[in-house]
Each structure stands twice: as structure tokens, then as C-alpha cells.
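Lettering follows sequence order; numbering is per chain, from 1. Fair warning: this is a prediction, and the values are worked out from it, not measured in the lab.
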Amino acid sequence: MLHLTPQPPVPTPADLLQGLNPQQSLAVSTTEGPLLIIAGAGSGKTRVLTVRMAYLLRMGVHPSHLLALTFTNKAAQEMRDRIGKLVGQSEARSLWAGTFHSVFARMLRSHADRLGYTNTFTIYDADDQVAAIKAVMQQLGINQQNLSPTAVRSRISGAKNAMVSWQEYERQATSISDKQTAQVFAEYERRLRLSNAMDFDDLLLNMIRLLEGHADVLEAYHDKFRYILVDEYQDTNRAQYRVVNLLAKKYRNICVVGDDAQSIYRWRGADIRNILDFERDYPEATVVRLEQNYRSTKVILAAADSVIRNNAKQLKKTLWTDNADGEKITLLACRDDREEADHIVRTIRNRMETRGFSFKDIAVLYRTNAQSQALEDALRRANLPYHIVSGVSFYKRKEVKDTLAYLRLLVNPDDSESVLRVINEPIRGIGATTLKRLEAYAGEQRVSLFQVLQSIRSVPQIQSRIAAAIEDFVNLVDRHRALLQELAPASLAQQYLEATGLPRMYKDMNTEESLDRWNNIERVLDHIAEQQELDETLTLSTYLEQVSLVSEQDDPKLGTERVAMMTMHAAKGLEFPLVFIAGMEQGLFPLAKAETDPSEQEEERRLLYVGITRAERELVLSYAEKRFRFGELVYSRPSMFLSEIDPDTLSAAARPRLHSAPSIPTAPTAPTAPAAPRTVSATPRGARTGPKRSEYSQIPAPEPYGQTPEYALIRAGMRVKHPMFGVGTVLAVGGSGQTAKATVEFKGGQRKQLMLAYARLEVL
DNA sequence: AGAGCGTCGCTTTTT
DNA sequence: GCGACGCTCT
């Protein structure tokens with residue numbers, strides 16, 4: 001490194017380029033004009049980005065002229081830290097580096113009035129969205145059985161990410177469900193407006209509106225942000241692309257960094273065209289490819305490459321490394337999820353003893369958050385320190401959401417979703433019927449729900465007893481809202497929450513569960529106090545924005561002596577000497593949904609690519625023959641991806657543990673019913689993917705099981721017994737593997753479609 | 001208005 | 001296997 005002295009000398013631009021390879025150096029020193037950096041995994045991307053920022057600063061660019069947009073908070077934080085180390089904290093602090101959403105939220109707050117919001121607008125997360133959509137559907141009398149609010153949410157979000165307005169959506173709608181969605185979409189937009197609220201997608205769309213509709217604002221930002229940098233460019237959606245283009249229009253000093261092989265957010269609207277179109281939109285762009293990998297061993301890189309090669313759609317790029325060959329990949333074949341977890345624990349212990357890894361060197365990655373449970377139990381039983389980088393659990397809890405909803409009301413009482421959450425929590429005698437009436441009234445009057453509550457006496461058909469309760473509620477909020485300017489956030493929150501009676505309610509219940517909830521409320525309050533300590537300018541409003549845009553309450557304590565556990569999505573951008581990837585099973589990874597859709601399958605493959613390339617020195621993969629899912633024991637076959645991994649990179653010791661059944665080569669790419677692979681027709685696919693036939697027998701993946709789940713043997717014509725429906729006859733079996741369904745006629749002529757993997761059918 | 005019971009869907013990944 | 005939600009009864 002450049003400086004090891006306690007007082008780092010200020011590096012010159014030339015100093016900064018030292019130790020970079022020619023491509024990296026070019027990526028750093030090409031400061032003027034558009035620049036596209038294709039950065040393979042482990043190619044020193046983060047280093048290049050941070051050095052580039054430092055370089056710009058050393059070239060005399062003022063930090064306030066820089067804007068760095070990242071995809072996750074983690075990445076933004078890391079960038080800020082590392083730039084701070086290069087050029088000093090004070091300078092690093094005044095540059096704008098953050099996620100798209102947080103940077104845009106900040107900009108929108110200062111121009112909220114231009115778009116008809118106030119600067120206290122609330123940000124709605126996915127749950128708030130669904131709540132709003134449900135309310136709207138109820139209002140419109142749309143049956144939620146036929147059209148699920150969650151589905152509507154994702155359609156609306158998809159439309160917004162593609163910059164399709166509700167008017168446009170309505171025009172294009174042909175099916176009934178599309179037309180209904182358009183209706184909900186329109187009303188949903190109106191509802192959010194009235195609530196002075198934006199959802200995540202609005203943060204992007206409103207930025208576009210702001211910049212396209214207000215030339216002076218655009219000009220001011222052009223002048224402010226002269227150098228723009230976008231990380232994880234492959235994961236940006238069209239709306240983000242548009243904003244970035246608008247911001248960069250004047251100076252065209254835009255640097256984007258991405259790797260199409262690591263694009264794993266297509267499901268969220270990420271659009272790979274953004275990379276492909278860059279050269280079209282900026283024909284003068286310099287393109288730099290970072291292809292030397294500094295992170296991983298040759299074995300790991302070869303394995304990653306052998307997997308990603310199976311994707312048809314891919315930009316050409318060759319990643320190479322000077323690093324050692326390294327250890328071969330270990331594969332743990334396990335009977336069930338519990339054994340898998342124990343096996344991983346044992347392997348962790350073993351590697352620590354024999355190869356000198358320490359806890360902080362180790363990460364356990366998985367496809368779905370649900371898998372963390374079994375792994376966590378095992379680590380806890382074994383007394384190994386770990387932490388989960390998840391981000392969901394705490395803020396999803398009812399009492400926590402209620403607490404935050406109360407606080408949100410203080411800042412923005414028009415936030416109807418929050419009103420509805422807490423107005424009867426604890427019970428104030430304001431029930432669903434009353435609220436429905438009030439909502440309808442608010443809709444007619446085109447005002448927010450809270451405004452109706454504030455003048456409750458003028459609303460028809462409200463009993464005076466209920467009106468009194470509503471007045472108390474309004475009073476509670478208004479009274480404390482008046483204190484916003486006077487009290488520090490932490491003490492106001494404390495006092496206010498106390499007054500709502502919410503913590504009291506849980507405390508009085510005095511059950512184990514309720515005390516837990518009470519404790520969680522206290523944790524939120526403590527957290528506010530803590531944040532206030534860290535940042536004396538903290539307001540309730542900035543606190544709430546922070547928690548709505550940051551998924552984890554604390555940043556993962558990376559670097560502490562703990563094993564890190566997270567999803568592969570969460571692992572993007574991180575690296576660990578020893579990486580475990582658990583749950584390498586068909587139906588789990590790739591997920592069942594991706595098994596039939598080639599483009600989803602490619603995304604899963606890229607996700608595995610991301611997982612594998614997190615490893616620096618050693619990689620361990622594992623799968624279980626059966627595991628608990630949906631509270632039921634589910635059988636599965638090893639992942640098709642295992643058979644795509646170059647067998648030369650797998651350790652011989654890892655291939656063993658084959659089950660007692662004779663090795664019958666089976667096409668690894670054909671998902672078939674586990675026990676009868678040769679009698680069920682193979683699904684069409686596989687021509688393109690998968691290694692040469694001769695390699696099959698070496699690889700554990702395609703082996704059929706020793707123990708055959710009974711359900712796989714079920715065929716049409718068989719007599720079966722169902723624990724609930726009794727004895728019946730199988731009429732037909734459709735599908736294959738985990739998704740195989742049987743049509744069974746039970747006595748009395750009753751026909752049922754049953755999922756074989758779930759229905760515990762007994763063959764008679 | 002609220003308690004109690006049954007049904008359903010859920011586990012993809014995150015800002 | 002669990003929690004959210006809707007329906008019914010009080």
C-alpha cells in the first residue's frame with residue numbers, strides 16, 4: 001500500500017496510480033468524458049473506483065462536484081470509507097455517495113414542493129404498497145381472490161420501473177386483470193399523492209419528473225455534479241438509466257462500472273440494455289476491460305467460468321489470474337438440511353484447524369433467507385460465532401412497524417397507511433366499519449384520511465362515542481407534532497410512544513411473546529437515541545428515511561471474528577477466503593420457478609457465478625437430499641449446476657459419498673422425477689447446457705437417490721391413500737420432479753389435484 | 001367491535 | 001408450520 005505511516009502524506013495523482021495494472025490505471029486516469037468499465041469479478045473494481053475518486057480530488061476537483069451512485073448501502077459505505085482513507089475523512093464526507101434511492105430521496109426532499117409534495121413526504125416500502133393496494137381494491141370493489149394484491153403490486157412496480165404511467169398501462173390493457181390493475185394503479189397513485197408519500201419506484205420517477213420538468217433544477221445539478229460515477233451498472237433499471245443520463249447530459253463525465261455476468265436483479269427491473277446502450281448513447285466513450293482477477297485461485301475461477309459458460313447471453317470477456325491453483329472444491333452430500341448444517345460446521349472447524357482460517361474469513365451463502373434457520377441452529381449448537389446479514393426480520397415485525405408508523409405520523413400525518421396501521425392499536429374502539437366510511441369520505445372530499453379525522457364532527461354517520469375516540473387520537477398526534485421543533489428526536493419519540501399506550505399494552509399482557517415485542521419497541525427507541533448520538537443533526541424525518549432505505553439495522557459486522565451468513569444477493573461485492581454455498585439442489589437453486597424458464601435459469605446461473613466468485617481461497621458446496629420446506633419434508637435432486645462445474649475443479653474426496661444406488665448416468669439437465677428418471681419423458685432443454693456425456697459419471701449431481709421417495713413411484717391407475725381424503729385412484733400424473741401433480745379420484749367421485757411432493761400419498 | 005376459527009399462501013432475491 | 005386475513009358469531 002501507499003502509506004503505512006501514521007500521518008499519511010497527501011498522495012499525488014501519480015502516487016495514486018502506483019500499483020495499478022495498465023487497464024486499472026487507464027480506468028482511473030480517464031477522468032474526462034464518458035467511460036465504461038467492464039469489471040470482471042475480483043478485478044479490483046472497488047479499488048479502481050475509490051482510487052478514481054481520490055484521483056479526481058487530487059486533480060483539484062472539489063468533492064461537492066462528485067456524485068457516486070451505488071446499488072446497496074453497504075457499497076456506498078465502503079466507498080466512502082475507502083476514499084476517506086485515501087484523501088482524509090473531512091474531504092470524503094462532503095462528496096455525495098449513496099444508493100440511487102437514498103441520494104434521490106435527498107434531492108427530492110429539497111425540491112419536494114416543485115412536484116406537489118412537502119419535504120416531509122413518507123417513503124413507502126413494499127408492505128405499505130400492498131396495504132395501500134388492498135385498500136384501493138376494496139374501495140373499487142375488486143375481488144382480491146382473483147387478483148392478488150401482491151401481484152398487482154409487482155405489476156405496478158414493473159410498470160413504474162419501465163416508466164409506464166397508469167394512463168399508458170390502461171391504454172395497453174387488454175385482459176380483464178390488466179384493466180383492473182390499471183384501475184388500481186390510477187387510484188393507488190392518487191392515494192399516495194394524498195398521503196404525501198412516495199414508493200421506492202417514485203423516488204426514481206419523480207427524479208425524472210423533477211429534472212425534465214424544471215430546467216433550473218436540472219441546471220443546478222448539472223453544475224453541481226460534474227463527475228458522476230455509477231457502480232453495479234448492470235443492475236440499474238431504465239428509470240435509473242434515464243436519471244443518470246439527465247444528470248450527465250452537460251459535462252458527459254460519466255463513468256459506469258458493471259459486469260453483465262453478475263447481473264442478478266433482472267427480476268426487479270434491471271435492464272441489461274443499459275450496458276449495451278451505453279456505447280450508443282456515448283459514442284465517444286472509452287471502454288476499459290478489467291480482466292485480471294486478484295481475488296480467487298485458478299480453481300475457483302475455472303469453476304465459475306465453467307458454470308457461466310452455459311449462459312447463451314453473455315458479453316465476451318476472459319477472466320484470468322496469476323494466483324495459485326489452490327485447493328479443489330469440496331462437495332458435501334447430505335441426507336437432509338440438518339445434516340448439511342452439521343456438516344458445514346464440521347468443515348468449518350476442520351478448515352480452521354488444518355488451513356488456518358479464522359471465523360471472519362468464512363461466509364456461508366444460500367439462495368433463500370429461509371435456509372438460514374437450520375444453519376443458524378447448527379452454528380449456535382456448536383458455539384461458533386456468526387452473524388446474519390439479512391435485513392428483513394426486525395423491521396418486518398408488527399410492533400416495530402407500528403412503532404415506526406406512529407413516528408411517521410408525527411412527521412407526515414397525511415400518511416394514510418400509517419394512520420390505518422395504528423389508529424386502533426392499541427384498541428381505541430375505532431373499527432373497520434368506521435374506517436371504511438371515513439376512507440370513502442376522504443376519497444370523495446379529495447383530502448387525506450387524517451384531515452378527515454381532524455374535522456371528525458363534520459363527518460356524517462359517525463357515532464359521538466367513536467368521534468370522541470378519534471378526537472383523542474388526533475390530539476395525541478397533533479400534541480406531539482407540536483413538539484417536533486422543541487424536543488430532540490429520541491426524547492420526543494420516547495414520550496410520544498409512551499403516550500400512545502403501545503408499549504404499555506405489550507407490557508401489561510405480560511406473556512413471553514408480548515414482552516419480547518415490548519422489548520423490540522424499546523430497541524427502536526434506543527436505536528434512535530444511538531443515531532442521535534452519532535449525528536447531532538438527526539431529525540425524526542431523516543431517521544425514518546434512513547430506516548426505510550436501509551434494510552439492515554446495523555451494518556454487518558464484517559471484519560469481526562464471526563462467520564458471516566447471507567443470501568448470495570447480499571454477498572454481491574464481498575469476498576471471503578473460505579466460502580460455503582449451501583442448498584445446491586434442484587428446485588431451490590435454481591428455484592423451481594426458474595427450472596422451466598431459460599432466462600430465469602440464466603439469472604440463477606449468474607447468481608451462482610456471483611456466489612462462487614466471492615471465494616478467495618477455497619469453496620465448499622453442499623446439498624441435501626431432503627429438507628424441510630413449508631413445514632414439510634421435501635425431496636430434491638442435486639442442482640443441475642453441479643454437473644456444469646468443471647469436474648477437474650472438484651476434489652476427489654468430494655465426489656464420494658455417493659449413495660448406495662448403482663451409478664446410472666442420467667442427463668443432468670433433464671429434471672425428471674427423482675426415482676424414475678428413465679420412464680418420465682425428459683423435458684426439452686439440455687442441448688445447450690451441460691458438459692459432455694463422458695463426464696457425467698464422475699459427478700455426483702446427476703446420480704439418482706439411494707432412497708427413493710415413495711411419491712415418485714406413483715403412476716396413473718394406482719390405488720393410493722391420502723391422510724385426509726382417504727382411499728382413491730390415480731387418474732393421471734403430470735409434471736415432473738418436485739412439481740409433479742397427480743389427479744386423484746377419491747371415493748364419492750371427488751377429484752383432487754395433488755402435489756406429489758407434498759401430499760403424503762401412500763401407495764396401496 | 002372483537003374474539004374465535006378456518007383457509008390460504010408462503011420462501012426468491014432488495015431499494 | 002406459521003402468520004395474515006376473512007368470515008361468522010356474539
Remember a base hit wins even if backbone is also touched, and classify A:Phe100 as base, sugar-phosphate or nothing at under 4.0 Å, heavy atoms. nothing
For B:dG6, the Watson-Crick or wobble partner whose two distances fall under 3.5 Å: C:dC5
Does A:Arg268 contact B:dT14 through a side-chain donor or acceptor facing the base, at a distance under 3.5 Å? yes
Any chance the rings of A:Phe71 and A:Tyr265 have centres within less than 6.0 Å? yes
Rounded to the nearest angstrom, tell me the gap between atom CZ in A:Arg465 and atom C1' in B:dA1. 8 Å
Can A:Trp267 be classed as stacking with the base of B:dT13, given a centroid separation cut-off of 5.5 Å and a plane angle cut-off of 30°? yes
Measuring from the side chain of A:Ala370 (C-beta onward, heavy atoms only), which nucleotide among B:dT15, B:dT11, B:dT12 has the closest atom? B:dT11
Within the structure, does a side-chain N or O atom of A:Asn237 lie under 4.0 Å from either OP1 or OP2 of B:dT15? no
Working note: A:Glu439 + A:Lys436, criterion salt bridge (charged side-chain N to carboxylate O under 4.0 Å, His left out); need CA distance, chi angles, decisive distance, verdict. CA-CA 5 Å; A:Glu439 275 206 275; A:Lys436 215 180 283 177; over 6 Å; no
At less than 4.0 Å, is any side-chain N or O atom of A:Asn161 found next to OP1 or OP2 of B:dT15? Yes or no. no
Starting at the 5' end of DNA chain B, which residue's closest nucleotide do you reach first, A:Glu603 or A:Ile430? A:Ile430
Check every strand shown and say whether A:Thr434 touches a base, only sugar-phosphate, or nothing at a heavy-atom separation below 4.0 Å. sugar-phosphate
With side chains defined as the heavy atoms from C-beta onward, is the minimum distance between A:Leu619 and A:Arg614 less than 4.5 Å? no
Assign A:Phe628 to base, sugar-phosphate, or nothing according to its heavy-atom contacts below 4.0 angstrom with the strands shown. nothing
If only side-chain N and O atoms of A:Lys134 are considered, is one of them under 4.0 Å from the OP1 or OP2 phosphate oxygen of C:dC5? yes
Grab the CD-P distance between A:Gln240 and B:dT14 for me, whole Å please. 16 Å
Presence of A:Asn369 side-chain N/O under 4.0 Å of B:dT13 phosphate oxygens OP1/OP2: yes
Tell me whether the OP1 or OP2 atom of B:dT15 has a side-chain N or O from A:Ser548 closer than 4.0 Å. no
Looking at every strand, decide which applies to A:Leu69 at a 4.0 Å heavy-atom threshold: base, sugar-phosphate, or nothing. nothing
Reckon A:Asn424 touches a base, only the sugar-phosphate, or nothing at all at heavy-atom distances under 4.0 Å? sugar-phosphate
Only one of A:Ile581, A:Thr368, A:Ile264 passes side chain to side chain contact (heavy atoms under 4.5 Å, CB included) with A:Met568; say which it is. A:Ile581
Touch class at under 4.0 angstrom, heavy-atom based, for A:Ile123 against every strand present: nothing
Within 6.0 Å of CZ in A:Arg109, more than 12 heavy atoms from elsewhere: yes
Can you work out whether A:Arg428 or A:Tyr265 has the more 5'-proximal nearest nucleotide on DNA chain B? A:Arg428
